[in-house]
Amino acid sequence: MEKHDQEWKQEQERVTGITRLLTAHIRRLSEELGLHRTDVVDMRKDFWEEVTVNFSSPDDLGETSTSLRQQAQILNERERHHLQSSKALKKYRKLVNSPYFGRIDFSEQPGAQAERIYLGIGSLMEDDGTFLIYDWRAPISSLYYDGAPGPAAYETPGGLVSGTMELKRQFVIDSGLIEVMFDTGMTIGDELLQQVLSHSADDRMKSIVATIQKEQNAVIRNDRSRMLVVQGAAGSGKTSAALQRVAYLLYKYRAVLQADQMLLFSPNPLFNSYVSTVLPELGEENMQQTTFQMYLEHRLGQEFQLEDVFSQTESLLAAPDHPSAEIRRAGIGYKSSVAFLDAIRRYVNLLEHEGMLFKPLMFQGKAIVSKEEMERQFYTYDPNIKLANRIDLMTGWLLKQIAAFSVEERSAPWVEEQMELLDTSDYQRAYHMTRRKGGGHNESFDDFDTEKSMLARYIVSQKLKPLRGWTKRGRFVDVKGLYSRLFTDRRLMDSMNSGAGLPEHWDEICRLTVDTIAAGELAYEDATPFLYLKELSQGFRTNTLIRHVIVDEVQDYSPFQLEFMRRLFPRAKMTVLGDLNQAIYAQGEVLGDLSSLVSIYGEENTEVISLTRSYRSTFEIVEFTRAMIPGGERIVPFNRRGEAPTLTVVNSESELLAAVEQDVLKLHAAGYHYVAVICKTAEESAEVHAKLQNSLPVRLVTKETPNFQKGTLVLPAYLAKGVEFDAVIIYDGSQEKYGRENERKLFYTACTRAMHLLHIYSLGQPSSFLPDPEAAGSAEAAGLL
């Protein structure tokens, strides 16, 4: 028997033994959990029967308290044991099918017996504490991802451990049987990666820790930086690495870090669904997931009808050559900039000395406190007190004014009219409230005058309750007026802009901003600056519970929004992931180079990692798409071969529709389960879906779509960001659709969603951003690529 066959047999015997052990653990824990569950249910049911309750004397009360505490401790211990067993059972069930994926032999001393280290998605130990499988996140596991046979080292909490890696072996194990086994001198062998990448797309992102690359491992295990910036090409695995990073941090800091202390800002709800299974697959609870729009809605949704980034983008794409689009882009550019951020900060400093705006406290058309009185009171406070702190002082003062008004108002005619309308339940509430607020039992309804006085106090108090709540929330500050003033007072804005100069079309930008706010609406580019001014003037709401924030598709955020996040989560570290070539939203154009993010936490607290190798798409698709963007030559395709992209020019709408219908049918027949027909806008997507659904089972994806599903999806390019498909059909890649420079990155993003096949149709002249597929193929054949 050859050496390889002998080793295969030995490894299979080990896998069989491990599988047998895991099966035994699963059987034992399943039985235990059934018993534990019954015990816990019975204990909860019989809790009070096991406790002697006696309050007749201090001694009896103490005995009752002790009995309660003991029963609660027993119940908590049973529940904790049940939870631990449940987690262990879940882990063993994940391991039993494929216990591990790698092996390294490592010795710390020359000539010493090398330790065999097997790596899986979770650890497994013998009863004596010997590791049979190491968790992929353990310090020693980094050797598998970073090293090659020869001298090697890994970091531990106690320092650097050096030695020699004598073997690196990779496995593919399914149902307890080794299907693939090979030794490699590379970080991760191409053979295993080829097999993984050749699979079909799915409705959920998969986290395959066996194929983590060295550069991705640097992202996952970086815990030094306050801010980690990951610039990654399309398909470089940056999102997967970020989620694996979360799992790693939860594992390493499990004593002090919980999943609910980590927050992911994702591009849309569809993406939240797409990545929702990654952490559970790795044995961790899901962290909190949200979108920036959801946060804005939470804070401003009751005051305004908020525009979202998709509606903003749709308006710009629908009429790209209209003068209004140019004005809108200029406004977005300025309102997203650091210059506007600094202008608002200077404005707040000015307001500490002059110009604060308030809303009067009104009650039934009567001004309790006028806005002029508020302004006079506000500027009587010590000017060294910060604006937000002075607002707190104002809140207290205004509540006193409401209380004084309340006393005066009890004799008003309307109060007596309200008394006549009170029913029995109102009388009861008035009686209990006045007794409670009176501080004792001295007041009663024994005579008419007392009754009338108490009822008047109750009626006025209830009527003023909304006004007190309004005051406590700081709503007396006229934030809407303060923000609008920046766009109505040119002299003020010039001084706040510190001579930096205002953008072109400033008068039109101002008119559009003021009119929109007056209509009770807030444009997407105004939402963060408005909220920032609101926070600075009323007191910044911070979240100190969140310890780590992950921002995906960071190129779509403005510097203004990222600075707001820094202030919102003052105790959090931040990981941001992006690709400037996919900056498809207007405010993303302001960000520029991702290295500019260094300014948020400072150079000494920031690290930038670049991922240049693209794994999602075939070699042919990456070669084709990287020619669409400047600097694309820096993107390195993984050597997974496939069909070259196709470009088909048609001359009519009917011909285009018929060609796409036939293409979809062929792709289904060929076994491609996830097919995307990508259009430019939501409007075009709805029209194409309406036409295709008569002959094909297609689904329309909108910004409200919660789940990514199997089948053929019709969607706008900006909603395809972050996900991948077996095959992508670009419905119309013509010069008319994608001919402007600000549409280049949108087109590139759409094309890079394809894993295996990319088919582009063009109604008329193709986009000038497209390379010639035949020329690209000829260049490759000639050895030029």
Side-chain angles (χ1 to χ4, degrees), residues 199-204 268-270 273-274 310 314 317-318 617-618 621 624 642-738 743 746-747 749-767 770 773:
H199 288 170
S200 175
D202 205 339
D203 60 350
R204 297 288 189 274
N268 52 58
L270 178 68
S273 167
Y274 182 60
F310 310 117
E314 191 75 16
L317 293 176
S617 307
T618 61
I621 292 174
F624 180 81
E643 295 181 23
T646 64
L647 172 60
T648 304
V649 179
V650 296
N651 297 313
S652 67
E653 286 274 4
S654 58
E655 187 183 350
L656 173 58
L657 190 66
V660 170
E661 285 178 351
Q662 288 301 310
D663 201 352
V664 171
L665 291 171
K666 288 178 183 177
L667 290 170
H668 284 181
Y672 292 103
H673 301 300
Y674 292 87
V675 178
V677 179
I678 299 182
C679 304
K680 182 180 176 183
T681 64
E683 183 180 2
E684 184 185 31
S685 299
E687 292 173 357
V688 171
H689 173 262
K691 295 172 182 175
L692 289 177
Q693 68 176 348
N694 296 324
S695 55
L696 296 172
V698 292
R699 293 188 182 92
L700 177 66
V701 174
T702 70
K703 62 184 180 182
E704 284 88 18
T705 301
N707 297 311
F708 177 51
Q709 298 178 330
K710 180 185 286 189
T712 299
L713 305 181
V714 182
L715 70 167
Y718 52 82
L719 287 181
K721 180 191 287 282
V723 295
E724 57 191 23
F725 302 90
D726 291 330
V728 165
I729 296 172
I730 303 296
Y731 185 76
D732 182 7
S734 65
Q735 180 69 9
E736 173 62 28
K737 291 289 184 183
Y738 299 99
E743 295 163 339
L746 183 69
F747 195 20
T749 300
C751 292
T752 54
R753 302 306 94 199
M755 292 178 63
H756 308 302
L757 294 174
L758 173 61
H759 296 170
I760 301 170
Y761 291 86
S762 176
L763 182 57
Q765 180 185 354
S767 168
L770 286 172

If you count heavy atoms of other groups shown closer than 6.0 angstrom to CD of E736, is the number above 12? no

Check: K737 main-chain N/O paired with K680 side-chain donor or acceptor under 3.5 Å:
yes

- Task: Look only at the side chain of R753 and the backbone of A717, and say whether a donor-acceptor pair between them is shorter than 3.5 Å.
- Result: no

Would you mind reporting whether V714 and L692 have side-chain heavy atoms less than 4.5 Å apart? yes

What one should report as the nearest heavy-atom pair of L647 and S762 is CD1-CB, 4.3 Å

Under the 3.5 angstrom rule, does the side chain of D726 hit a backbone N or O of Y674 as a donor-acceptor pair? yes

Taken to the nearest 0.5 Å, the spacing of L715 CG from L700 CG works out to 8.5 Å

Of all heavy-atom pairs linking A750 and V728, the shortest is O-CG1, 3.9 Å

Heavy-atom closest pair (P716 atom, S685 atom, distance to 0.1 Å) is N-OG, 3.1 Å

Rounded to the nearest 0.5 Å, the OH atom of Y761 sits from the CD1 atom of I729 at a distance of 6.0 Å

Heavy-atom donor-acceptor pair, T681 side chain to E314 backbone, under 3.5 Å
no

(Q) Looking at Q693, I want to see if its CD is surrounded by more than 12 non-hydrogen atoms of other residues, nucleotides or ligands under 6.0 Å. (A) yes

Would F624 and L770 count as a side-chain contact (heavy atoms from CB on, under 4.5 Å) here? Give the steps. CA-CA 8 Å; F624 180 81; L770 286 172; 3.8 Å; yes

Rounded to the nearest 0.5 angstrom, the CD-CG distance for E743 and L317 is 6.5 Å

The reported gap from OG1 in T646 to CG in L757 (rounded to nearest 0.5 angstrom) is 8.5 Å

Between E684 and D732, is the side-chain contact (heavy atoms from CB on, under 4.5 Å) condition met? List the steps.
CA-CA 10 Å; E684 184 185 31; D732 182 7; 4.1 Å; yes

Rounding to 0.5 Å, atoms CZ (F747) and CD1 (I678) come to a distance of 10.0 Å

Parallel, tilted or perpendicular, judged at 30° and 60°: which one describes the rings of H756 and Y672? tilted

message = Please evaluate residues M755 and S617 with respect to the criterion side-chain contact (heavy atoms from CB on, under 4.5 Å), reporting the C-alpha separation (whole Å), side-chain torsions for both, the decisive distance (0.1 Å), and the verdict.
response = CA-CA 4 Å; M755 292 178 63; S617 307; 5.8 Å; no

With distance as the sole test, does E683 use its side chain to make a donor-acceptor pair with the main-chain N or O of A318 at under 3.5 Å? no

* Asked: Heavy atoms, side chains only, cut-off 4.5 Å: are I730 and C751 in contact?
  -> yes

To the nearest 0.5 Å, atom NE2 of H673 lies from atom CG of L667 at 12.0 Å

Exercise. Please assess T712 against L696 for the test side-chain contact (heavy atoms from CB on, under 4.5 Å), listing each intermediate value before the final yes or no.
Key: CA-CA 9 Å; T712 299; L696 296 172; 5.9 Å; no

